[in-house]
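Please read the structure below before turning to the comments.
Chain identifiers are assigned alphabetically (A, B, ...) following the order of the sequence lines, protein sequences preceding nucleic acid strands; residue numbering begins at 1 within each chain. Note that these values count all heavy atoms, side chains included, but never hydrogens, waters or copies made by symmetry. Just so it is clear, the model here is predicted, and its values are computed rather than measured.
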Amino acid sequence: MEMQEANQRPEVTPNQTIYINNLNEKVKLDELKKSLNAVFSQFGKIVEVQAFKTLKHKGQAWVVFENADSASSAISKMNEFPFYDKPMRIQFAKTKSDVVAKADGTFVPREKRKRHEEKGGKKKKEQHHDATQMGMPSGYPGLYGAAPPLSQVPYPGGAKPMLPEAPAPPNSILFVQNLPHETAPMILQALFSQYPGFKEVRMVEAKPGIAFVEFADEMQSTVAMHALQGFRIQQNPMLITYAKK
DNA sequence: AGCACA
């Protein structure tokens, strides 16, 4: 018979790193990492995002948070969340990330890996990874004091951003404001393309922080607007209105 | 499907 004494769920291991798979493999690595950073930083400070293009590791990523609480809320809030049209599968990572171990003092360099091209004499870069490519300096002393409350769920139905009612009449094109200035179009595409009728994202380089997202019709743009209203990219809740005609 | 640290 089965032993039901022990939990055999893989998610039980607490870890400050989450392992994500079922990611859309067509997305370029750099964009993927940026989008993951943008979407997951609402759960707490991110130390690093890792993803690789090799056969064995494509479609997967590791997001290292500063603490395990952020990781577990990220799992519970974002597991199965459609991202680039595919539901993300998220678990705790099996092993501790190197950045964490280095900070721990428990880091032991791996020597016998399948990489036969190891060069003993060459030193790699230190712990300044590209984790903060979204413009979040990793050394901010006071930043994580403002860890976002976990009350904010991806679909903040009732939570209304502070702004006078949008006066613009319904439009198949949405106007998105309050984006972090580093936001790439593909980040928005990842979020909006899950809604029917999505056509494209347009951003104005001369005006960072805003975007236009076009749907096939007003009904569909309205659904997406309400679903994503207030969704946080990094710390910024998106403000979505109809574009002016 | 696939748990790494290039």
| note | A/Met88 atom CE is separated from B/dA1 atom C1', nearest whole Å, by 19 Å
| query | Is the shortest side-chain N to carboxylate O distance from A/Asp30 to A/Lys34 below 4.0 Å? | reply | yes
| Just how far, in rounded Å, is C1' of B/dC3 from CG of A/Asn22? | 15 Å
| field | Verify stack between A/Trp62 ring and B/dA4 base, 5.5 Å, 30 degrees | value | yes
| For the pair made of CD in A/Gln91 and C1' in B/dC3, what is the distance, rounded to whole Å? | 9 Å
| note | Picking from B/dC5, B/dA1, B/dA4, the nucleotide nearest the side-chain atoms of A/Arg110 would be B/dC5
| request: Answer with yes or no whether the hydrophobic clustering places A/Ile187 together with A/Ile210; edges join I, L, V, M, F, W, Y residues whose side-chain heavy atoms lie under 4.5 Å apart. | output: no
| said: Over 60° means perpendicular and under 30° means parallel, so tell me whether A/Tyr19 and A/Trp62 are parallel, tilted or perpendicular. | reply: tilted
| said: Can you work out whether A/Asp98 or A/Asn21 has the more 5'-proximal nearest nucleotide on DNA chain B? | reply: A/Asn21
| task | Answer yes or no: does a side-chain N or O of A/Lys94 lie under 4.0 Å from OP1 or OP2 of B/dA4? | result | no
| Whole Å only: how far is the CD atom of A/Gln50 from the C1' atom of B/dA6? | 8 Å
| said: Could you tell me how far apart A/Glu48 (CD) and B/dA4 (P) are, to the nearest whole angstrom? | reply: 14 Å
| request: Under 4.0 Å between any heavy atoms, over every strand shown, what does A/Ala51 touch: base, sugar-phosphate, or nothing? Just pick one. | output: base
| field | Between C1' of B/dC5 and CZ of A/Phe107, the distance in whole Å | value | 7 Å
| task | Check if the side chain of A/Ser97 and the base of B/dA4 share a donor-acceptor pair of N or O atoms closer than 3.5 Å. | result | yes
| task | State which of B/dA6, B/dC3, B/dA4 makes the closest approach to the side chain of A/Lys53. | result | B/dA6
| message | Could you walk me through whether A/Phe175 and A/Phe212 satisfy the ring-ring contact (aromatic ring centres under 6.0 Å, His included) test, starting with their C-alpha distance in whole Å, then the side-chain angles of each, then the deciding distance to 0.1 Å, before giving a yes or no? | response | CA-CA 5 Å; A/Phe175 180 51; A/Phe212 296 92; 5.3 Å; yes
| task | Round to the nearest Å and state the distance from A/Gln60 atom CD to B/dA4 atom P. | result | 9 Å
| said: Rounding to an integer number of Å, can you tell me how far A/Lys33 NZ sits from B/dC5 P? | reply: 12 Å
| field | A/Gln60 side chain vs A/Lys58 backbone, donor-acceptor pair below 3.5 Å | value | yes
